[in-house]
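Reading through the structure tokens given below for one structure.
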Amino acid sequence: MRILSSKQYGSSLKATVQATGKLGFTRATSDILRLSEMANIKFAIDDDQEHTMYLAACQEEDEDGFKLLCSSGYYSVQTKALFDALDVDYRSQTVIYDLKRSALHDAEMGGEAYRMSMRILTKNEKPMD
């Protein structure tokens with residue numbers, strides 16, 4: 001038996017692509033992913049489903065990982081070139097990725113893997129949790 005903790009299910013995990021192209025994490029998401037302990041973030045695209053992306057926060061440096069940045073207690077990664085290459089329009093719309101745990105991909109990703117589900121909002125629309 002295992003406990004289903006409110007720490008993991010009490011708030012939605014999400015990251016938002018900022019106007020600069022950085023992927024920023026909410027404080028709650030940063031806490032659950034333990035980003036303060038992590039060296040970088042790795043991304044992957046599913047070979048069978050091109051629009052399905054995954055991320056993993058990794059403790060060890062990895063040449064394929066994106067360096068984790070911290071400013072005023074908020075974590076982000078420089079993903080402008082990545083999202084530009086993937087044709088993600090973060091300039092004219094708000095792009096939010098809801099994160100869902102995907103333990104099946106942990107070994108391949110080298111850390112706790114999360115499936116990234118894209119949610120698009122117009123710039124003046126408020127996000128719903």
Side-chain angles (χ1 to χ4, degrees):
M1 178 171 31
R2 64 186 165 94
I3 301 298
L4 302 175
S5 173
S6 66
K7 292 177 188 174
Q8 292 200 305
Y9 303 106
S11 62
S12 61
L13 301 179
K14 62 184 173 182
T16 303
V17 182
Q18 301 167 0
T20 60
K22 285 183 184 177
L23 183 66
F25 298 91
T26 65
R27 193 164 297 235
T29 300
S30 296
D31 290 345
I32 290 171
L33 297 181
R34 299 180 311 280
L35 294 184
S36 63
E37 303 169 13
M38 302 301 160
N40 58 49
I41 302 291
K42 287 175 63 175
F43 296 94
I45 291 182
D46 191 311
D47 289 331
D48 297 327
Q49 300 175 7
E50 187 175 318
H51 296 289
T52 302
M53 288 182 60
Y54 296 89
L55 73 75
C58 304
Q59 290 183 331
E60 296 179 17
E61 289 290 333
D62 186 313
E63 64 183 25
D64 293 323
F66 288 72
K67 184 178 178 180
L68 191 60
L69 307 170
C70 184
S71 177
S72 302
Y74 287 93
Y75 291 91
S76 64
V77 287
Q78 289 280 12
T79 49
K80 180 184 183 316
L82 171 69
F83 290 127
D84 287 347
L86 295 173
D87 291 325
V88 175
D89 181 11
Y90 55 85
R91 290 178 187 93
S92 66
Q93 55 196 9
T94 300
V95 179
I96 298 170
Y97 287 98
D98 295 313
L99 307 178
K100 182 179 178 189
R101 186 74 173 91
S102 182
L104 292 173
H105 296 91
D106 286 356
E108 186 176 11
M109 295 290 293
E112 287 187 359
Y114 291 83
R115 181 181 175 143
M116 301 171 65
S117 298
M118 185 188 293
R119 191 166 29 118
I120 307 260
L121 304 174
T122 59
K123 281 290 185 182
N124 57 1
E125 191 177 352
K126 298 266 187 202
M128 294 178 15
D129 289 329

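Everything quoted here is computed from the prediction, not taken from an experiment.
Clustering ILVMFWY residues whenever any of their side-chain heavy atoms sit less than 4.5 angstrom apart, transitively, puts L82 in the very cluster that holds I120. Under the 4.5 Å side-chain contact rule for hydrophobic residues, I45 and L23 share a cluster. Criterion: ILVMFWY side-chain heavy atoms under 4.5 Å apart, direct or through other members. Under it, V17 and F66 are part of a common hydrophobic cluster. In the hydrophobic clustering of this structure, L69 does not group with Y75; members are Ile, Leu, Val, Met, Phe, Trp, Tyr whose side-chain heavy atoms approach within less than 4.5 Å, directly or through other members. Following chains of ILVMFWY side-chain contacts shorter than 4.5 Å, one cannot reach L33 starting from M109, and the two form parts of different hydrophobic clusters.
Contact annotation: the side chain of L35 never approaches that of E37 to less than 4.5 Å [non-hydrogen atoms, C-beta and beyond]. D84 has its side chain within reach of R91: a pair of non-hydrogen atoms, C-beta onward, lies under 4.5 Å apart. With a 4.5 Å cut-off on side-chain heavy atoms, D46 and R115 do not count as touching. For the pair D89/V95, no side-chain contact is recorded, criterion being any heavy-atom separation below 4.5 Å from C-beta on.
No close placement of the F25 and Y74 rings is indicated, their centers lying 6.0 Å or farther apart.
Note that CG of D64 and SG of C58 are 10.0 Å apart. Values are rounded to the nearest 0.5 Å. Between the OG1 atom of T16 and the CD1 atom of I96 there is a distance of 4.5 Å, given to the nearest 0.5 Å. Note: H105 NE2 to K42 NZ = 13.0 Å, rounded to the nearest 0.5 Å. Here CD1 of I41 is found 10.0 Å from OG of S76. Values are rounded to the nearest 0.5 Å. Summarising the geometry, atom CE belonging to M118 is positioned 7.5 Å from atom CE belonging to M53; distances are rounded to the nearest 0.5 Å. Atoms CD and CG, on Q78 and L68 in that order, are 11.5 Å from each other to the nearest 0.5 Å.
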- Message: Is there a ring-ring contact (aromatic ring centres under 6.0 Å, His included) between Y54 and Y114? Walk through the geometry before answering.
- Response: CA-CA 5 Å; Y54 296 89; Y114 291 83; over 10 Å; no
- Message: What verdict does the side chain to side chain contact (heavy atoms under 4.5 Å, CB included) test give for L99 and T29, after you've listed the backbone C-alpha separation in whole Å, the side-chain angles of each residue and the deciding distance to 0.1 Å?
- Response: CA-CA 9 Å; L99 307 178; T29 300; 3.9 Å; yes
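Salt-bridge check for E61 with K67: failed, with every basic side-chain N at 4.0 Å or more from each acidic carboxylate O. Salt-bridge check for D98 with R119: passed, with a basic side-chain N closer than 4.0 Å to an acidic carboxylate O. The pair R27-D31 does not count as a salt bridge, with every side-chain nitrogen at least 4.0 angstrom from each carboxylate oxygen.
Relative orientation of the F83 and Y97 rings is parallel, given thresholds of 30° and 60° on the angle between their planes.
Panel note: side chain R101, backbone A113; a donor-acceptor pair is recorded below 3.5 Å.
Here the closest heavy-atom approach between residue Y90 and residue Q18 is recorded as CD1-O, 3.5 Å.
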